[in-house]
Amino acid sequence: MEGGAYGAGKAGGAFDPYTLVRQPHTILRVVSWLFSIVVFGSIVNEGYLNSASEEEEFCIYNRNPNACSYGVTVGVLAFLTCLLYLALDVYFPQISSVKDRKKAVLSDIGVSAFWAFLWFVGFCFLANQWQVSKPKDNPLNEGTDAARAAIAFSFFSIFTWAGQAVLAFQRYQIGADSALFSQDYMDPSQDSSMPYAPYVEPNTGPDPAGMGGTYQQPANTFDTEPQGYQSQGY
């Protein structure tokens, strides 16, 4: 069940890291986390150039400081967001409130979709500024590989974050019709309990027959005298 992918185990149960790391949304979060490191790391390390005629460094993307600032800011914030939701994935089995579980999954949908949009804007912005950059500003082609890497991984991040939004939406849809948002949610992959016990009707009073509440057809209350037909016990 996909709904079980979001929370490993019963509410308040033990955390199972092996189950968590196998989940598709966890894998996408880790990949997005790595992509964000590549983007802001490339810009911070090689995205600023020096010129012999200038004392101050300038951005490799068409000398536009906003392009470098945007790439670094989005990369760092995406890095922190990935860590936050990875922590939420770990903590999710401990959440006993049904409303809190729904809020967690809904926030995952919204945040992931929002970051996919931010990465789309970042990719378009960096690619455009790189395209209009003047060769004379970087005659030695310094940092060109890093600049292209930041653009490429910005593009890849669009799909990793969009994938997280899709998976979160699927979890919400399935969770609304399953045990994901129940108080006693149990991940099917960890449920090692015995099959269901036979149904026994609750005992509502004294049990003179000593049957322990086992169902028995009541006698006909309208018969005041014993008849040839006797009701059979089950």
Side-chain angles (χ1 to χ4, degrees), residues 17 20-92 104-169:
L20 178 65
V21 298
R22 292 185 302 163
Q23 304 303 333
H25 67 276
T26 304
I27 296 173
L28 282 179
R29 290 200 211 286
V30 173
V31 172
S32 299
W33 178 72
L34 294 174
F35 286 176
S36 66
I37 294 175
V38 174
V39 173
F40 78 77
S42 298
I43 297 176
V44 169
N45 291 329
E46 301 184 55
Y48 292 90
L49 303 177
N50 290 316
S51 174
S53 60
E54 300 178 28
E55 295 182 359
E56 296 184 358
E57 295 180 332
F58 59 88
C59 179
I60 195 172
Y61 296 102
N62 195 34
R63 289 180 169 264
N64 188 344
N66 294 327
C68 288
S69 297
Y70 186 91
V72 172
T73 301
V74 171
V76 171
L77 293 179
F79 171 85
L80 297 175
T81 303
C82 287
L83 292 181
L84 174 64
Y85 275 87
L86 283 172
L88 179 61
D89 291 341
V90 173
Y91 179 70
F92 191 86
V105 179
L106 286 173
S107 70
D108 193 5
I109 298 173
V111 171
S112 298
F114 177 68
W115 277 107
F117 171 74
L118 290 182
W119 280 119
F120 174 76
V121 173
F123 165 73
C124 294
F125 188 21
L126 295 179
N128 174 262
Q129 293 301 300
W130 178 251
Q131 186 177 11
V132 298
S133 297
K134 301 176 179 60
K136 66 178 183 179
D137 291 334
N138 187 16
L140 301 178
N141 290 327
E142 298 178 76
T144 55
D145 291 339
R148 293 192 182 100
I151 296 173
F153 283 94
S154 295
F155 178 73
F156 299 151
S157 295
I158 299 172
F159 298 98
T160 59
W161 283 96
Q164 292 181 60
V166 172
L167 290 177
F169 181 71

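Residue numbers run from 1 in the order of the sequence given. Just so you know, these numbers come straight off a predicted model, no measurement behind them.
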Test log, rule side chain to side chain contact (heavy atoms under 4.5 Å, CB included), inputs Thr81 and Trp161: CA-CA 11 Å; Thr81 303; Trp161 283 96; 3.9 Å; yes
Pair Phe79-Phe40, side chain to side chain contact (heavy atoms under 4.5 Å, CB included): steps then yes or no: CA-CA 9 Å; Phe79 171 85; Phe40 78 77; 4.2 Å; yes
Derivation of the side chain to side chain contact (heavy atoms under 4.5 Å, CB included) call for Glu46 and Ile60: CA-CA 8 Å; Glu46 301 184 55; Ile60 195 172; over 6 Å; no
Derivation and outcome, side chain to side chain contact (heavy atoms under 4.5 Å, CB included), residues Val74 and Val39: CA-CA 9 Å; Val74 171; Val39 173; over 6 Å; no
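For the side-chain contact (heavy atoms from CB on, under 4.5 Å) test, residues two or more places apart in sequence or in another chain that qualify with Ala162 are Ala116.
Looking at Ser107, its side chain does come within 3.5 Å of a backbone N or O of Ala104 through a donor-acceptor pair. A distance-only check finds no donor-acceptor pair linking the side chain of Ser154 to the backbone of Phe123 [under 3.5 Å]. Without hydrogens or angle criteria, Tyr61 side chain to Ala147 main chain gives a donor-acceptor distance under 3.5 Å. Put simply, the side chain of Thr160 gets close to the backbone of Ser157: a donor and an acceptor are under 3.5 Å apart. For the pair Asn62 (side chain) and Asn64 (backbone), a donor-acceptor distance under 3.5 Å is absent. When atom types are taken as modelled, the side chain of Ser36 and the backbone of Trp33 share a donor-acceptor pair closer than 3.5 angstrom. Not a single donor-acceptor pair under 3.5 Å links the side chain of Asn128 to the backbone N or O of Cys124.
A distance of 6.5 Å separates CG of Asp137 from NZ of Lys134, quoted to the nearest 0.5 Å. Rounding to the nearest 0.5 Å places CZ of Arg29 at 14.0 Å from CG of Leu34. Taking CZ of Phe153 as the start and CG of Leu126 as the end, the distance is 14.0 Å to the nearest 0.5 Å. The CD1 atom of Ile109 lies 10.5 Å from the CG atom of Leu167; values are rounded to the nearest 0.5 Å. The CD atom of Gln164 lies 11.5 Å from the CD1 atom of Ile27; values are rounded to the nearest 0.5 Å. With rounding to the nearest 0.5 Å, the separation of CG in Leu140 from CG in Asn138 is 7.0 Å.
The heavy-atom pair separating Ser42 from Ala150 by the smallest distance is CB-CB, 4.4 Å. Closest non-hydrogen pair, Ala165 versus Ala113, comes out as CB-N, 3.8 Å. Contact record, Asp108 with Tyr85: CA-CE2, 3.8 Å, taken as the closest heavy-atom pair. Residues Gly47 and Cys68 share a closest heavy-atom pair of O-SG, 3.6 Å. Among all heavy-atom pairs drawn from Leu28 and Gly163, the shortest one is CD1-C, 3.6 Å.
Between Phe156 and Phe35, the ring-plane angle classifies as tilted under the 30° and 60° cut-offs. Aromatic ring orientation, Trp119 versus Trp115: tilted (interplanar angle from 30° to 60°).
In the displayed structure, Phe120 atom CZ is contacted under 6.0 Å by at most 12 heavy atoms of other residues, nucleotides or ligands. No more than 12 heavy atoms of other residues, nucleotides or ligands lie within 6.0 Å of CZ in Phe169, so this atom counts as exposed by the packing criterion.
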